[in-house]
Amino acid sequence: MQDETLELETNPAFDPSAFAAGGFGAEEASFGVEEAEIVPSVGPGQPNLDVIMNIPVTMQVVLGSTVMPVANLMKLGRGAVVKLDTNISDPVDLMVNGRIVARGEVVVLDNEDSRFGITLTEIVTPASAAQPRSKSHS
């Protein structure tokens with residue numbers, strides 16, 4: 001077997017002695033670092049929201065609620081009616097990821113006989129979300 005000697009040509013892009021001396025001299029060091037992609041902004045101080053537009057969220061429409069003892073809950077069966085704390089004319093809450101974002105009225109969809117939806121009547125601000133919705137108990 002023959003000993004093979006590989007001759008490596010070295011041309012360091014970074015001279016540690018120049019760095020220690022406080023500068024790189026006339027030549028700039030090349031580190032080969034790729035820059036991260038910067039998301040362009042829409043305007044001054046406005047981030048580009050396209051990055052988050054495809055993130056799925058859970059949307060729920062809350063018709064109402066009720067409180068009952070476990071004993072009554074255990075008696076419920078097929079055909080049982082649970083009385084909710086809302087009236088037919090009261091708005092329903094539209095919740096996204098557990099937070100109220102809007103309120104609206106229940107509607108039957110014209111194009112589909114077996115589906116219903118809601119018509120938004122109010123977009124909820126953070127201040128108004130903390131306020132309980134108005135109830136017209138009879």
Trainee: CG/D93 to CZ/R99 distance, rounded to the nearest 0.5 angstrom?
Mentor: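 The CG atom of D93 sits 14.5 Å away from the CZ atom of R99.
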
Trainee: Quick one: do L73 and V67 end up in the same hydrophobic cluster if we chain Ile, Leu, Val, Met, Phe, Trp and Tyr together by side-chain heavy atoms under 4.5 Å apart?
Mentor: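 Result: no, two separate clusters.
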
Trainee: Which atoms form the tightest heavy-atom contact between L120 and A102, and what is the distance?
Mentor: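 Heavy atoms only, the tightest pair is CD2-CB, 3.9 Å.
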
Trainee: Take atom CE in M68; do more than 12 heavy atoms of anything else shown fall under 6.0 Å from it?
Mentor: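 Counting neighbours around CE of M68, more than 12 heavy atoms of other residues, nucleotides or ligands fall under 6.0 Å, so yes.
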
Trainee: Treating Ile, Leu, Val, Met, Phe, Trp and Tyr as nodes and any side-chain heavy-atom pair under 4.5 angstrom as an edge, say whether L76 and M74 lie in one connected cluster.
Mentor: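 No, because L76 and M74 fall into different hydrophobic clusters, even though each may have its own neighbours under 4.5 Å.
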
Trainee: Rounded at 0.5 Å granularity, tell me how far CD1 in I100 sits from OG1 in T125.
Mentor: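 Rounded to the nearest 0.5 Å, the CD1-OG1 separation comes out at 11.0 Å.
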
Trainee: What I want to check is whether the side chains of S65 and D85 have a donor and an acceptor closer together than 3.5 Å.
Mentor: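 Yes, D85 and S65 have a side-chain donor paired with an acceptor closer than 3.5 Å.
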
Trainee: Quick one: does L94's side chain get under 4.5 Å of M59's, heavy atoms only?
Mentor: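 Yes; the side chains approach each other to less than 4.5 Å.
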
Trainee: Check whether any side-chain heavy atom of T58 lies under 4.5 Å from a side-chain heavy atom of Q60, and answer yes or no.
Mentor: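 Touching, per the 4.5 Å side-chain cut-off.
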
Trainee: Quick one: does V62's side chain get under 4.5 Å of V92's, heavy atoms only?
Mentor: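 The answer is no, as the side chains (C-beta and beyond) never meet within the 4.5 Å cut-off.
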
Trainee: Within a strict 4.5 Å, meaning less than it, do heavy atoms of the T119 and V107 side chains meet?
Mentor: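 The answer is yes, as the side chains (C-beta and beyond) meet within the 4.5 Å cut-off.
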
Trainee: Would you say T121's side chain and R103's backbone share a donor-acceptor pair under 3.5 angstrom?
Mentor: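 Judged by distance alone, yes, a pair lies under 3.5 Å.
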
Trainee: Is it the case that one hydrophobic cluster holds both V61 and V57, taking links as side-chain heavy atoms less than 4.5 Å apart, direct or via other members?
Mentor: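 Per the 4.5 Å side-chain linkage, V61 and V57 are co-clustered.
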
